[in-house]
Amino acid sequence: MAILRSLSFSHISVIFLAIISIQCGAIDEERKVHIVYMGALPESQYSLTSHHINILEEVVEESNATESLVHSYKRSFNGFAAKLNDRERQKLARKEGVVSVFPSRSLQLQTTRSWDFMGLTETVKRVPEVEGDVIIGVIDSGIWPESESFSDEGFGPPPKKWKGACNGGKNFTCNNKLIGARTYTDLGPDNTARDTVGHGSHTASTAAGNKVKDAGFYGLAQGNARGGVPSARIAAYKVCAEGGCSDADILAAFDDAIADGVDIISISLGSSLAIDMNGILTSHSAGNSGPGLGTTASVAPWLLSVAASSTDRRIIDKVVLGDGTTTTLVGTSVNSFDLKGEKFDLIYGKNASLRCSDDDVRLCKNGCLDANLVKGKVVVCDEVSKGEEPVHARALGTIMIDNRFNDFGRIYPLPATLLIPENGEKVKSYMNSTRNPQANILKSEAIHDSIAPVVASFSSRGPNVIIAEIIKPDISAPGVDILAAFSPLASPSGIKSDKRSVKYSIMSGTSMACPHVTGAAAYVKSFHPEWSPSAIKSALMTTAWPMNATKNELEFAYGAGHIDPVKAVNPGLVYETLKSDYIQMLCNINYYDSWRIREITGERISCPEASQGSAKDLNYPSMGVMVTGEKAFKSNWTRTVTNVGSANSIYKATVTSDPKLQITVNPDVLSFQALNENKTFVVTVAGGELPDNTVYSASLVWSDGTHSVRSPIVVYTN
Ligand SMILES: *[C@@H]1O[C@H](CO)[C@@H](O)[C@H](O)[C@H]1NC(C)=O
Ligand SMILES: *[C@@H]1O[C@H](CO)[C@@H](O)[C@H](O)[C@H]1NC(C)=O
Ligand SMILES: *[C@@H]1O[C@H](CO)[C@@H](O)[C@H](O)[C@H]1NC(C)=O
Ligand SMILES: *[C@@H]1O[C@H](CO)[C@@H](O)[C@H](O)[C@H]1NC(C)=O
Ligand SMILES: *[C@@H]1O[C@H](CO)[C@@H](O)[C@H](O)[C@H]1NC(C)=O
Ligand SMILES: *[C@@H]1O[C@H](CO)[C@@H](O)[C@H](O)[C@H]1NC(C)=O
Ligand SMILES: *[C@@H]1O[C@H](CO)[C@@H](O)[C@H](O)[C@H]1NC(C)=O
């Protein structure tokens, strides 16, 4: 246990990554990048890299060890990444000092009204001096340093604690706003931290961009663009380019970001990479693999896992059919093209090719459309796409019909809109009814959406497939139709032939939701610089707006609900989780037994022989349990809250519950006499037989009349 306690938080996180990687990784003979984890930094860090090369030399077969080495991790933990085949990997795993070896996977980038929508208006109270000391590390596709969102007008020198560097490569200059940059992508001698895909500039400016007047995408969503904490500093760590990103590079960026002195890390990548450490809160996108259950890869309890939801501003796009009755159909897309009211010939994809089968061509599959038939026309396709095929076939525009992805607007390389099938049928019957069907696709417009916030279909859902009792995602934030800074080198539609170049663009994804939570966490931190990551996370979760449960995914879609940054500054009570609690949880869930890596079960970590607890004992701001279907059950959660509101206060518990659950709280009154005082209580839930694959939700609210501290409770069957 002594060794256990001496392990720093970061190491647990790396180990957690190992668990997930092992579960996903396949054995392979090819030489692939592996991460070799060697535990805590040794006392003397002198020549750690040559030590790594020496170890490698003893195992690599025909190749050169120096060339096999991809990264040497030596600033925040000890280890390296190297290209290894399976035999080399096995040899290395048996070496002394090596804790674990696991494959590095390739990840994809997931693809402002929003701050006002959640109540963080331009006039909210701020502590600019403290806000200016907050450093946000953005691990992403780099950044566009010349963007107005990152200009340093009015900024003083970087905070004293900053130990980072501006290693952005050729022609890359930092300033007092963008205080650091590093790059891990291998793009040859011209490699820079400059963003060429737009994603990293978008996420960084959403979290902490300056207020920029009159920003918009071709006049759409025009207004002030700003981040959650416009006075905070940004450090950009470029780990992704067009080709994606890898675990090995992301770990290298973490190694540096921690040592550089960042306060909050924002990581909007489709990764199960699970790291939070050394007092740094990491907000992480839940993923874009929804709406199926169990699709989120952001499972670790020390991460703040973020779902994406809509705001009250949506971007829509109308189609006018030329049948004299001016039938107007509303679709979704972010369409900057203005066809000036002119109507163009419509052609159904099915009628637009001699090459492909009817089924392929009606979906406008790649290579199917015949340019002679579609050139200058609007082609109707029975499936949503990125618009690549209609552009290649020189269509003037496209109307896509699909029942998926209708809840956000995508940018296409040509005039385009996406219709739900019901409206698509109207287009088709109009086409049947006339010899010369025509239509116009209008430029997009912004509309007010009164049912927001609703979790987007693409947002990954819980439950947590690794630790069933930890509800994931934790929280929801705006991730639909978000305007933020972009890279002028990137194509706004992501299609190469689209030559538009913009400084601001509209994107949707959990990637866009994550930096909203990063900004909100920084905002809370600017009022409470001494708060731990778990206190900030608890404050954000327990003050979230309850969301409208219209689907049966409930909390598995939105966690504690929609983020409310202003309320989170003054939560009243917080659920604190210490490093030792996370270690205890890892022991409780018996991962050590299931780890087949002998090195991990060996000298570095030892759990008590028989662990009595379970993951639901972790002092988490939400409460979850999975029970056996068709069987009566009884379960409980023990929680401790810390008073951060008023010294003398009395909190009373209120439970709101699905009628199938019987929930009691003991004690149901908590009397505090001092700040930072802790009180413990037990929540017990019981119920009869529940059907398989069902989810039941409830909530516990502690209230002293001023503060309302809400925790979701979820009981589900497998
Ligand atoms: C290995 O590669 C490095 C860098 O490419 C080179 O400096 C070194 O001489 C090589 N060593 C051997 C033994 O080939
Ligand atoms: C540096 O990059 C900026 C932005 O792409 C460009 O406008 C400028 O010409 C570049 N300067 C040099 C010396 O390459
Ligand atoms: C259009 O006509 C075709 C046959 O010519 C028919 O199969 C299809 O169902 C019709 N579509 C609509 C929407 O009326
Ligand atoms: C496809 O072409 C056929 C034959 O030219 C025509 O009868 C039919 O109406 C067309 N269908 C659509 C949907 O345009
Ligand atoms: C929840 O959503 C449903 C369906 O959109 C709506 O009818 C209902 O009024 C909403 N409830 C609340 C409390 O907003
Ligand atoms: C909570 O449940 C455990 C068994 O899961 C039981 O041992 C314990 O007594 C329960 N605690 C309370 C306060 O009911
Ligand atoms: C309350 O609990 C926290 C976290 O366990 C601990 O750090 C703190 O010292 C406790 N406060 C008091 C007054 O004991």
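For clarity, every value in this text was computed on a predicted model and none was experimentally measured. All ligand and atom numbering here is 1-based and tracks the order in the structure. Start at 1 with the first residue, then count along the sequence. Just so you know, these numbers use all the heavy atoms, side chains as well, and skip hydrogens, waters and symmetry mates.
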- Heavy atoms only: give me the nearest G198-A490 pair and the separation to one decimal.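 For G198 and A490, the tightest heavy-atom pair comes out as N-CB, 3.9 Å.
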- Item | Closest non-hydrogen atom pair between I139 and I265, with its separation |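 Heavy atoms of I139 and I265 come nearest at CD1-CG2, 3.9 Å.
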- Flag for T640-T680: side-chain donor and acceptor within less than 3.5 Å: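 Yes, a side-chain donor-acceptor pair sits under 3.5 Å.
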- Message: Does either side chain, that of Y651 or that of S649, offer a donor lying less than 3.5 Å from an acceptor on the other one?
- Response: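 No, no side-chain donor-acceptor contact under 3.5 Å.
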- How does K170 reach ligand 2, if at all, at less than 4.0 Å between non-hydrogen atoms: by side chain, backbone, both, or neither?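 For K170, there is no contact with ligand 2 at all, from either part.
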- At under 4.0 Å between heavy atoms, which part of F172 makes contact with ligand 2: side chain, backbone, both or neither?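 It is neither part, as no heavy atom is under 4.0 Å.
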- Message: Under 4.0 Å, heavy-atom basis, I'd like to know which part of N678 is in contact with ligand 7: side chain, backbone, both or neither.
- Response: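 It is the side chain that touches ligand 7; the backbone stays farther off.
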- Query: Where on T640 is there a heavy atom closer than 4.0 Å to ligand 7, on the side chain, on the backbone, on both, or on neither?
  - Reply: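 Under 4.0 Å from ligand 7, T640 contributes no heavy atoms.
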- Task: May I ask you to test the I179-I234 pair for a side-chain heavy-atom distance under 4.5 Å?
- Result: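 Result no, sub-4.5 Å side-chain heavy-atom pair not found.
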- Message: Within the 4.5 Å heavy-atom criterion, are P145 and T173 side-chain neighbours or not?
- Response: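 No, side chains not in contact.
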- Task: Return the protein residues near ligand 6 (heavy atom under 4.0 Å from any of its atoms), ordered by chain and residue number.
- Result: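 If the criterion is a heavy atom under 4.0 Å, then ligand 6 touches N636, V682.
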- Message: Considering both backbone and side-chain atoms of W144, is one of its nitrogen or oxygen atoms within less than 3.5 Å of a nitrogen or oxygen in ligand 2?
- Response: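 No; every N/O pair is 3.5 Å or more apart.
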- Message: Exactly one of D152, V134, N176 should register a side-chain contact (heavy atoms from CB on, under 4.5 Å) with R233. Which one does?
- Response: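 Testing each of D152, V134, N176 against R233, the sole residue satisfying side-chain contact (heavy atoms from CB on, under 4.5 Å) is N176.
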- Between F217 and F486, ring centroids under 6.0 Å: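 Ring centres of F486 and F217 not closer than 6.0 Å.
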